[in-house]
Amino acid sequence: MSLLEVEAVNTLYGDAHVLFDVSLRVEENEVVALLGRNGAGKTTTLRTIMGVLAPRSGAIRLAGKPIQGLAPSKIARLGMQLVPEERAVFGGLTVEENLRVASLTAPAAWPLDRIWEVFPRLKERRTARGRTLSGGEQQMLAIARALIRDARILLLDEPFEGLAPLIVRDLVALTRRLAGEGRTIVVVEQNVAAVLSLADRVYGFNNGHVVYEGAAAALRADPAPMRGVMGLAE
Ligand code: ATP
């Protein structure tokens, strides 16, 4: 049994059929990347897994337990957190307040010191308001808010988008560390080089279909499927 299993999921926005029989699995402690062009269905897959969208059909299991149709808050309490592309940091709250709010409803929240140990930069900025943070700091805070809730599985939607290469390098190292410490990560990212340096396995999407599955190392060695079935430029 895999930690997360998605089986033949179909998701629609109104009448628009967006995901077609999407199946994937994520093992405990794996980093799995979802690759594909804009509009291929990657974000919709994360939102369906998290319960933000209800699939029309198919099954989603977390540690063997069906979760499709559950509210996102329920799924969150089972140990999954979505870090959305827009980061959704509260601009008027300080870094520390953002973290405290996130921890309020968590069944087993981390003490702040544990967050500060992982994110020394956030500790330095603990009294800064969300809106004054740099893009990289906001992304760290978005990930930290998921971690403080003791997320076992993190769903990261374009965590490196719009960030400078040095910041991306730091975030890649951080994400690797989280995986090394036992978190399981599903990441959607356009920055193929960064994500391939991080992921164990990859699912390729095209037009709402899973068109590729393989080891990240295989894609690093031979990127042809990215240009081919996934239609990516790189
Ligand atoms: P991106 O990198 O652009 O986010 P993606 O692979 O994550 O791409 P999705 O955001 O999942 O793709 O979008 C898949 C399809 O669903 C696209 O055709 C998109 O236009 C459509 N779509 C996304 N959100 C909505 C929505 N709220 N209502 C209707 N259609 C939507």
Side-chain angles (χ1 to χ4, degrees), residues 4-26 30-60 67-73 75 80-89 135-136 138-139 142-143 146 153-165 167-168 171-172 175 184-199 201-214 216 219 223 225-234:
L4 176 66
E5 294 163 316
V6 175
E7 200 178 289
V9 156
N10 286 272
T11 300
L12 291 79
Y13 288 105
D15 290 337
H17 198 157
V18 171
L19 296 186
F20 298 85
D21 287 327
V22 165
S23 294
L24 51 91
R25 67 191 162 79
V26 180
E30 246 192 336
V31 180
V32 168
L34 312 185
L35 297 181
R37 284 201 300 226
N38 285 341
K42 308 173 302 291
T43 296
T44 303
T45 299
L46 293 190
R47 299 182 81 211
T48 304
I49 292 171
M50 193 62 212
V52 179
L53 296 167
R56 178 70 56 93
S57 63
I60 306 173
I67 57 166
Q68 73 275 7
L70 295 185
S73 57
I75 296 176
M80 188 142 68
Q81 289 288 318
L82 171 65
V83 180
E85 189 176 351
E86 60 279 7
R87 295 166 194 156
V89 159
Q138 280 191 12
Q139 186 61 56
I143 295 173
I153 304 193
L154 292 166
L155 309 176
L156 305 180
D157 197 355
E158 307 222 8
F160 310 137
E161 197 195 9
L163 302 180
I167 311 287
V168 170
L171 278 172
V172 165
T175 314
T184 302
I185 295 171
V186 183
V187 54
V188 164
E189 187 46 65
Q190 304 285 345
N191 184 335
V192 172
V195 85
L196 282 186
S197 74
L198 185 64
R201 271 186 324 112
V202 172
Y203 287 94
F205 281 69
N206 203 344
N207 285 326
H209 298 262
V210 172
V211 292
Y212 177 86
E213 177 189 354
L219 272 186
M226 289 193 279
R227 285 188 301 271
V229 285
M230 291 182 237
L232 285 166
E234 287 171 77

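All ligand and atom numbering here is 1-based and tracks the order in the structure.
There is a protein heavy atom closer than 4.0 angstrom to atom 23 (C) of ligand 1. Distance screen at 4.0 Å: atom 20 (O) of ligand 1 has no protein heavy-atom neighbour inside the cut-off.
Near Q190, the atoms of ligand 1 lying under 4.0 angstrom from a non-hydrogen atom of the residue are 2 (O). Against a heavy-atom cut-off of under 4.0 Å, T44 is close to the following atoms of ligand 1: 9 (P), 11 (O), 13 (O), 14 (C). Each of the following atoms of ligand 1 lies closer than 4.0 Å to a heavy atom of A40: 5 (P), 6 (O), 12 (O). Close contacts between ligand 1 and R37 involve ligand atoms 6 (O) [criterion: under 4.0 Å to a heavy atom]. Each of the following atoms of ligand 1 lies closer than 4.0 Å to a heavy atom of E158: 2 (O).
For ligand 1, the polar-atom distance check finds an N/O of N38 within less than 3.5 Å of one of the ligand's N/O atoms.
Of the protein's non-hydrogen atoms, the one nearest atom 30 (N) of ligand 1 is Y13 CD1, 3.4 Å. Of all protein heavy atoms, the one closest to atom 15 (C) of ligand 1 is V18 CG1, 3.5 Å. With hydrogens left out, the protein atom closest to atom 17 (C) of ligand 1 is G39 O, 3.7 Å, a heavy atom.
With sequence neighbours left out, N10 forms a side-chain contact (heavy atoms from CB on, under 4.5 Å) with H17, F20, D21, S57.
Not a single donor-acceptor pair under 3.5 Å links the side chain of E189 to the backbone N or O of A33. Although no hydrogens or angles enter the test, the distance criterion places a donor-acceptor pair under 3.5 Å between the side chain of Q68 and the main chain of I60.
Ionic pairing of R25 and E213 is present here: one or more N-O contacts between side-chain nitrogen and carboxylate oxygen are shorter than 4.0 angstrom.
Contact annotation for T43 and ligand 1: heavy atoms of both the backbone and the side chain come within less than 4.0 Å of the ligand.
Of all non-hydrogen atoms in G36 and Q190, the two that sit nearest each other are O-OE1, 4.0 Å. Pairing each heavy atom of M50 with each of I75, the nearest pair is O-CD1, 3.4 Å.
Under a 4.0 Å heavy-atom criterion, G41 is in contact with ligand 1. In this structure, R47 has no heavy atom closer than 4.0 Å to ligand 1.
Between Q139 and the choices I167, V168, V89, L171, the side-chain contact (heavy atoms from CB on, under 4.5 Å) rule is met once, by L171.
A distance of 4.5 Å separates CZ in F160 from OG1 in T175, rounded to the nearest 0.5 Å.
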Determine, step by step, whether T48 and T11 satisfy the side chain to side chain donor-acceptor pair (under 3.5 Å) criterion, reporting the C-alpha distance in whole Å, the side-chain angles of both residues, the deciding distance to 0.1 Å, and the verdict.
CA-CA 7 Å; T48 304; T11 300; 3.1 Å; yes
